[in-house]
A.B. asks: 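The following block contains the structure, expressed as structure tokens.
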Amino acid sequence: MASMAAVLSKTSFLSQPLAKSLNSDFPIAAATASVSFPSKSRSRRGGIRAGLIAPDGGKLVELVVDEPRRREKKHEAAELPRVELTAIDLQWMHVLSEGWASPLGGFMRESEFLQTLHFNSLRLDDGSVVNMSVPIVLAIDDEQKARIGESKRVALVDSDGNPVAILSDIEIYKHPKEERIARTWGTTAPGLPYVEEAITNAGNWLIGGDLEVLEPVKYNDGLDRFRLSPAELRKELEKRNADAVFAFQLRNPVHNGHALLMTDTRRRLLEMGYKNPILLLHPLGGYTKADDVPLSWRMKQHEKVLEDGVLDPETTVVSIFPSPMHYAGPTEVQWHAKARINAGANFYIVGRDPAGMGHPVEKRDLYDADHGKKVLSMAPGLERLNILPFRVAAYDKTQGKMAFFDPSRPQDFLFISGTKMRSLAKNKENPPDGFMCPGGWQVLVDYYDSLTPAGNGRLPEVVPA
């Protein structure tokens with residue numbers, strides 16, 4: 001499993017080099033954000049209740065085969081029909097294997113798939129409901145289906161043909177692509193990044209079943225030590241005596257507006273009576289669209305944010321969330337919140353237009369910017385979460401730093417678009433002092449410099465951070 005060196009301290013986070021790649025539309029102004037928190041965070045007597053929030057279903061599902069049984073399982077896998085996984089399939093297998101989707105025990109069978117599409121939730125055997133807003137499914141084509149035949153088990157293999165998992169008690173059912181796309185994204189417009197990457201050319205069948213992963217998933221990209229499982233995160237948070245855990249997901253570099261939201265959240269938790277709130281800084285590490293900032297550059301930038309003291313390493317844990325990104329707005333933000341519950345987070349910071357993107361055809365946002373936080377407060381299976389709204393944060397010219405927007409003096413605040421931000425970095429110009437820590441900004445400059453066309457006019461390969 002991933003090394004505990006991923007947990008932030010001033011030495012453990014900063015002493016080791018990072019690896020792999022960056023790019024994206026991140027705003028200079030931190031948009032309207034809110035923090036969701038569990039309604040059961042207080043005891044019946046009104047005091048703050050210590051301890052981590054329970055996983056969905058009451059128990060964390062872990063699907064990696066115990067080490068003594070791995071050789072036996074690999075021999076079993078060698079005799080089974082094979083299904084080759086794509087890179088995104090492997091990321092979803094990683095998500096399932098560590099329990100991020102607890103209580104889900106494998107790729108979805110049809111009943112789970114339909115509940116997810118139509119209800120954004122799963123009903124458990126005891127009648128309780130847990131949130132599940134995005135399908136975690138495995139597609140196969142006609143040829144693979146024919147090869148499987150009557151077998152009730154299949155081996156899942158990587159691109160090199162190495163068995164990585166066994167799927168048992170399988171069910172094969174039709175893959176209703178149009179319905180899946182329409183219900184997940186609210187549109188079937190062409191140009192949806194995840195759809196084009198993972199659905200359009202996928203097989204016309206889905207296969208679900210009970211998953212056994214043969215070994216812990218490793219990427220060997222220099223970042224595995226940051227990929228803490230929910231169980232490892234819970235262990236670390238308990239070791240730190242965290243009585244509140246607030247998670248912040250991001251797929252962009254951290255600017256001081258983000259940091260303001262995170263530090264202000266901690267201040268408010270302390271005022272509520274918590275003694276040791278811990279920030280889980282949790283960048284998304286799975287598939288992202290081409291113009292997003294690649295993971296290794298984001299991790300390098302996060303390193304500088306802690307090194308420069310923008311966030312406190314003593315009260316921050318940084319870890320990579322292995323999920324692929326759908327860009328499905330209010331539907332997807334429920335998945336992001338639900339997964340962090342399984343890691344022990346009982347507070348979730350959600351910003352403007354979470355998991356959103358521009359419309360792929362029209363010149364507008366695909367989703368209403370406020371719907372994500374509203375949906376999150378009403379979502380089935382997320383009743384343990386409530387929403388605390390924040391004001392807009394922008395650059396205050398009078399103070400020379402990011403601050404919450406004051407509508408009584410709008411002339412004092414500066415809002416800079418992501419396009420302007422990229423233009424500054426590409427031209428090696430500095431943003432206003434106090435917008436981003438100097439070390440973090442230099443990482444962005446270095447990244448965009450790495451994309452400068454070579455002498456032959458061609459863009460170079462993306463350079464790892």
Side-chain angles (χ1 to χ4, degrees), residues 1 57 59-116 122 125 132 134-177 180 197-199 201-220 224 227 229 231 286-287 322-324:
M1 303 296 281
K59 182 181 179 181
L60 195 62
V61 173
E62 297 180 272
L63 304 177
V64 178
V65 173
D66 293 335
E67 191 164 3
R69 300 177 58 230
R70 288 176 190 169
R71 178 174 296 195
E72 169 197 346
K73 287 294 180 181
K74 288 178 181 179
H75 285 307
E76 290 180 23
E79 304 300 321
L80 296 174
R82 295 184 162 205
V83 172
E84 183 175 331
L85 303 181
T86 66
I88 289 179
D89 293 335
L90 282 165
Q91 290 168 9
W92 282 123
M93 186 192 79
H94 184 184
V95 164
L96 290 166
S97 73
E98 294 183 341
W100 295 101
S102 293
L104 200 60
F107 287 103
M108 290 178 174
R109 298 182 175 91
E110 188 174 36
S111 64
E112 295 162 328
F113 174 68
L114 291 176
Q115 288 181 74
T116 299
L122 299 175
D125 291 341
M132 179 47 64
V134 298
I136 302 181
V137 292
L138 178 59
I140 58 173
D141 58 25
D142 292 344
E143 184 179 336
Q144 290 172 311
K145 182 176 181 290
R147 277 203 308 269
I148 293 168
E150 298 301 314
S151 177
K152 298 304 292 180
R153 304 170 75 208
V154 297
L156 307 183
V157 303
D158 64 18
S159 59
D160 295 324
N162 302 310
V164 293
I166 294 173
L167 202 61
S168 302
D169 193 18
I170 62 173
E171 177 185 354
I172 297 175
Y173 54 101
K174 288 184 178 180
H175 186 184
K177 294 182 184 180
R180 177 184 174 188
E197 186 73 23
I199 299 179
N201 297 318
N204 293 321
W205 304 92
L206 297 175
I207 180 170
D210 300 325
L211 184 67
E212 296 175 285
V213 177
L214 302 183
E215 290 184 348
V217 176
K218 300 292 181 185
Y219 296 80
N220 300 314
D224 283 332
R227 293 184 173 96
S229 70
Y287 162 80
S323 175

A.B. asks: Is there side-chain contact between Phe107 and Val83, with heavy atoms separated by less than 4.5 Å?
C.D. replies: no
A.B. asks: Find out whether Leu85 and Leu138 are in side-chain contact, i.e. whether some heavy atom of one side chain is under 4.5 Å from a heavy atom of the other.
C.D. replies: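 Side-chain contact under 4.5 Å: yes.
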A.B. asks: Please tell me if the side chains of Met108 and Thr116 come closer than 4.5 Å, counting only heavy atoms from C-beta onward.
C.D. replies: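 A side-chain contact exists here, since the closest heavy-atom pair is under 4.5 Å.
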A.B. asks: Do Glu215 and Val164 have side-chain heavy atoms sitting under 4.5 Å apart?
C.D. replies: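 Side-chain contact under 4.5 Å: no.
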A.B. asks: With distance as the sole criterion, is a donor-acceptor pair present between the side chains of His94 and Glu98 under 3.5 Å?
C.D. replies: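 Yes, side-chain donor-acceptor contact under 3.5 Å.
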A.B. asks: Measure from NZ or CZ of Arg227 to the centre of the six-membered ring of Tyr219, then state whether that distance is under 6.0 Å and the direction lies within 45° of the axis.
C.D. replies: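 Pair Arg227/Tyr219 counts as cation-pi.
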A.B. asks: More than 12 heavy atoms of other residues, nucleotides or ligands under 6.0 Å from NZ of Lys59: is that the case?
C.D. replies: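 No, the 6.0 Å shell around NZ holds no more than 12 heavy atoms from other groups.
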A.B. asks: Are Asp142 and Arg147 within salt-bridge range, i.e. N to O under 4.0 Å?
C.D. replies: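 Salt bridge flag = no for Arg147 with Asp142.
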A.B. asks: Considering only NZ, NE, NH1 and NH2 on the basic side and carboxylate oxygens on the acidic side, decide whether Glu76 and Arg153 come within less than 4.0 Å.
C.D. replies: yes
A.B. asks: Do Gln144 and Asp141 have side chains that approach each other closer than 4.5 Å (heavy atoms only, starting at C-beta)?
C.D. replies: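 Yes, side chains in contact.
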A.B. asks: Are the side chains of Pro163 and Leu214 in touch, meaning some heavy atoms are under 4.5 Å apart?
C.D. replies: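 They are in side-chain contact.
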A.B. asks: Give me each pair satisfying side chain to side chain donor-acceptor pair (under 3.5 Å) with a member in residues 63-72, each pair once, sequence neighbours excluded.
C.D. replies: none
A.B. asks: Got Glu171 and Ile207 here, is their nearest side-chain heavy-atom distance under 4.5 Å?
C.D. replies: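 Glu171 does not reach Ile207 side chain to side chain.
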